Amino acid sequence: MLDAKFLRNDIEQTAELLKKRGFDLDVNLLSELEEKRKSLQISTENLQSERNTRSKDIGQAAKRGEDIKPLREAMNELSDALEKAKEEFAVVSEQIKTISDRVPNLPHESAPIGKDESENVEVLTWGTPKQYDFAVKDHVELGEALGGLDFKSAVKISGSRFIVMQGQIAKLHRSLAQYMLNLHTNDHGYTEMYVPYLVNADSLYGTGQLPKFGDDLFNTNPATEEGIGMSLIPTAEVPLTNMSRDVIYDESDLPIKMTAHTPCFRSEAGSYGRDTRGLIRQHQFDKVEMVQLVHPDKSFEALEELTGHAEQVLKNLELPYRKVVLCTGDMGFSATKTYDLEVWLPAQDTYREISSCSNVGDFQARRLQARFRRSGAKKPELLHTLNGSGLAVGRTLVAILENYQCADGRIEVPAVLQSYMGGLTHIG
RNA sequence: GGUGGGGUGGCCGAGUGGCCGAAGGCGCUCCCCUGCUAAGGGAGUAACGGGUUUAUAGCCUGUUCGAGGGUUCGAAUCCCUCCUCCACCGCCA
């Protein structure tokens, strides 16, 4: 959520910034609604004030033993007027909220301007894709041949976009998550967290999945009148970031760095036909997520650091990757600036996203009322939130299968994972 | 799942229809006293929003006593629904 003051006082400039990310803000409509809101709010509050003083008078008159009947009757008219004013105000407020809830965050000036992913800017590449003296296979072929990836059973049990893993591949998958958690907690200063996988609507609203992106979520049966029960988390960013909801931290508490390994559930509405083959786009996948709650002066610094933590995983696994900064048109709803890390997949002969690291600024914090108090200051201020994958476990598995494949179809186990695999050097 | 008791300001805790945004205490801030990290005295101290404003100062005003709805001229107080905490029972990985 943007600061309401932007939409009131700097609406032209705000609209200009939003245009950079392809969002068309209806300035005329919003200004008109805003004007209505203002006058309705003033008249409503005047009526309330009038009611309050008159009610007090009635109380005092009653105490003196006077006849209060005429006073009460006179109030009826006022009450009617007040009720009507309140209703009109509520309607306009709701209209404004409906619009402003769907306005994305303002892009940071350092985010390149562009309309879609084709205009993302490569920052660096790391590592050199291996040359193979045999025809490379993709992870589906490799995994099935090894008996470790079982798409057929998954379809039977659940449907498409699910996976059953088995044996050493399942263990490798688990080892990856363990390795990532250990790296972030031991070397990068994060606190390991275990969090709920089902969350309430308030949490989803807090991090920005609702109201706009409800279709991407798996919901449990409606438990409330609004028809929103608990939802399966689409990312651990939701429970982790919501830790800060309605909390006022001391300045000295910051930064708070949390990491968690969770499954993530996404309906992938609107992505029919994309990446239907393999593990790239699943309804259920594991991810190790990093979240930071930081001082607003330090959030862009923290973005570099957090992205570096995700990069470190790829480096330690010796997986070639590239880092891109997303252009304004390709950024997520809540982000001010986002780096994507894309890992090299030899079978696709291209880089594919494996991590997305964003500075959200105060956008989530405003909805969450996540604040801190500067030492000595009286008023709390909004803090800044960041999140990033460190990494998507399933996609990392894909990258390992494909990058570490041998001519005979076996998979070499990356050096840092061998101890997790009981010393195993090859799968198959 | 059952029964009973709770949810009030930074914290504790009073408050069953108007004089309550809310006693009292703790904490905190300022001042006084005191030759010193004690004791005492006094004053102040909720949050959020709107309007005005250069102003996150002041002034005016609204809302908020777990959440939402209702009754009433008027609700922390009465009614309904929900959430949540505690205790005991049941069940259970």
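Computed from a predicted structure; not experimentally measured. Throughout, a chain's letter reflects where its sequence line sits, starting with A, and its residues are numbered from 1.
- Atom C1' of B:G51 sits at a distance of 27 Å from the matching atom of B:G44, rounded to the whole Å.
- Proximity note for A:Lys56 (side chain, C-beta onward) versus B:C19, B:U52, B:G49: the nearest is B:C19.
- B:C65 and B:G7 have their P atoms separated by 13 Å, given to the nearest Å.
- In terms of the salt bridge (Lys or Arg N to Asp or Glu O under 4.0 Å) criterion, residue partners of A:Glu119 (sequence neighbours excluded) are, by chain and number, A:Lys115.
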Scan nucleotides 61-65 of chain B against the protein and return all N/O pairs shorter than 3.5 Å with their distances rounded to 0.1 Å.
unit_1	atom_1	unit_2	atom_2	d
B:U61	O3'	A:Ser49	OG	3.4
B:G62	OP1	A:Ser49	OG	3.4
B:G62	OP1	A:Asn52	ND2	3.2
B:G62	O3'	A:Gln48	OE1	3.1
B:G62	O2'	A:Gln48	OE1	3.1
B:U63	OP1	A:Arg51	NH2	3.0
B:U63	OP2	A:Asn52	ND2	3.4

Would you check, one step at a time, whether the test ring-ring contact (aromatic ring centres under 6.0 Å, His included) holds for A:Phe363 with A:Phe333?
CA-CA 10 Å; A:Phe363 191 78; A:Phe333 181 73; 5.5 Å; yes
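- As rounded to whole Å, 14 Å separates atom C1' of B:G18 from atom CG of A:Leu71.
- Pairs engaging residues 84-117 of chain A under the ring-ring contact (aromatic ring centres under 6.0 Å, His included) rule: A:His108-A:Phe300 [sequence neighbours left out].
- Residue pairs meeting the ring-ring contact (aromatic ring centres under 6.0 Å, His included) criterion with at least one member in residues 147-181 of chain A, sequence neighbours excluded: A:Phe162-A:His283, A:Tyr179-A:Tyr420.
- When the ring pair (Phe, Tyr, Trp, His ring centres under 6.0 Å) test is applied to A:His139, no partner is found at least two apart in sequence or on another chain.
- With sequence neighbours left out, A:Asp138 forms a salt bridge (Lys or Arg N to Asp or Glu O under 4.0 Å) with A:Arg277.
- Whole-Å rounding puts the A:Met75 CE to B:G74 C1' distance at 7 Å.
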Could you run down the sub-3.5 Å N/O contacts of the protein with nucleotides 45-48 of chain B?
unit_1	atom_1	unit_2	atom_2	d
B:C48	OP1	A:Arg371	NH1	3.4
B:C48	OP2	A:Lys379	NZ	3.2

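- A distance of about 14 Å separates the P atoms of B:G15 and B:A23, rounded to the whole Å.
- Spacing between atom CG of A:Leu7 and atom P of B:G50 amounts to 12 Å, rounded to whole angstrom units.
- The gap from the C1' atom of B:C85 to that of B:G24 amounts to 25 Å, rounded to the nearest Å.
- Applying the salt bridge (charged side-chain N to carboxylate O under 4.0 Å, His left out) definition to pairs two or more places apart or across chains, none involves residues 12-33 of chain A.
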Only Watson-Crick and G-U wobble pairs with both distances less than 3.5 Å should count. Give RNA chain B in dot-bracket notation, marking inter-strand partners with |.
((((((((.[[[..)..(.....]]]((((((.......))))))(((((((.....))))))).[[[[[..)....]]]]])))))))....
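- Residue pairs meeting the salt bridge (charged side-chain N to carboxylate O under 4.0 Å, His left out) criterion with at least one member in residues 281-293 of chain A, sequence neighbours excluded: A:Glu268-A:Arg281, A:Asp275-A:Arg281, A:Lys287-A:Glu289.
- Using bins of under 30°, 30° to 60° and over 60° for the plane-to-plane angle, the ring pair A:His188/A:Tyr190 lands in the perpendicular bin.
- A:Ile58 places its CD1 atom 9 Å from the P atom of B:C73, with the value rounded to the nearest Å.
- Residue pairs meeting the salt bridge (charged side-chain N to carboxylate O under 4.0 Å, His left out) criterion with at least one partner in residues 354-365 of chain A, sequence neighbours excluded, are A:Asp362-A:Arg366.
- Rounded to whole Å, the C1' atom of B:C33 lies 46 Å from the corresponding atom of B:G17.
- Rounded to whole Å, the distance from CG on A:Asp250 to C1' on B:G10 is 11 Å.
- Residue pairs meeting the ring-ring contact (aromatic ring centres under 6.0 Å, His included) criterion with at least one partner in residues 11-69 of chain A, sequence neighbours excluded, do not occur; the list is empty.
- Using P as the reference atom, B:G21 and B:U45 are 16 Å apart when rounded to the nearest Å.
- Using modelled atom types and a 3.5 Å distance limit, the side chains of A:Gln405 and A:Glu141 yield no donor-acceptor pair.
- Comparing A:Asn76 and A:Arg8 by the nucleotide of RNA chain B that holds the closest heavy atom to each, the one mapping nearer the 5' end is A:Arg8.
- Rounded to a whole angstrom, the distance from the C1' atom of B:G13 to that of B:A46 is 16 Å.
- Between the CZ atom of A:Arg245 and the C1' atom of B:A67 there is a distance of 13 Å, given to the nearest Å.
- Remark: the separation of the C1' atoms in B:U77 and B:C89 is 33 Å, to the nearest Å.
- Rounded to an integer number of Å, the gap from CG of A:Asn9 to C1' of B:G50 is 13 Å.
- In this structure, the CD atom of A:Glu35 is 17 Å from the P atom of B:G50, given to the nearest Å.
- Across all their heavy atoms, A:Cys357 and A:Ala310 have their closest contact at SG-CB, 4.2 Å.
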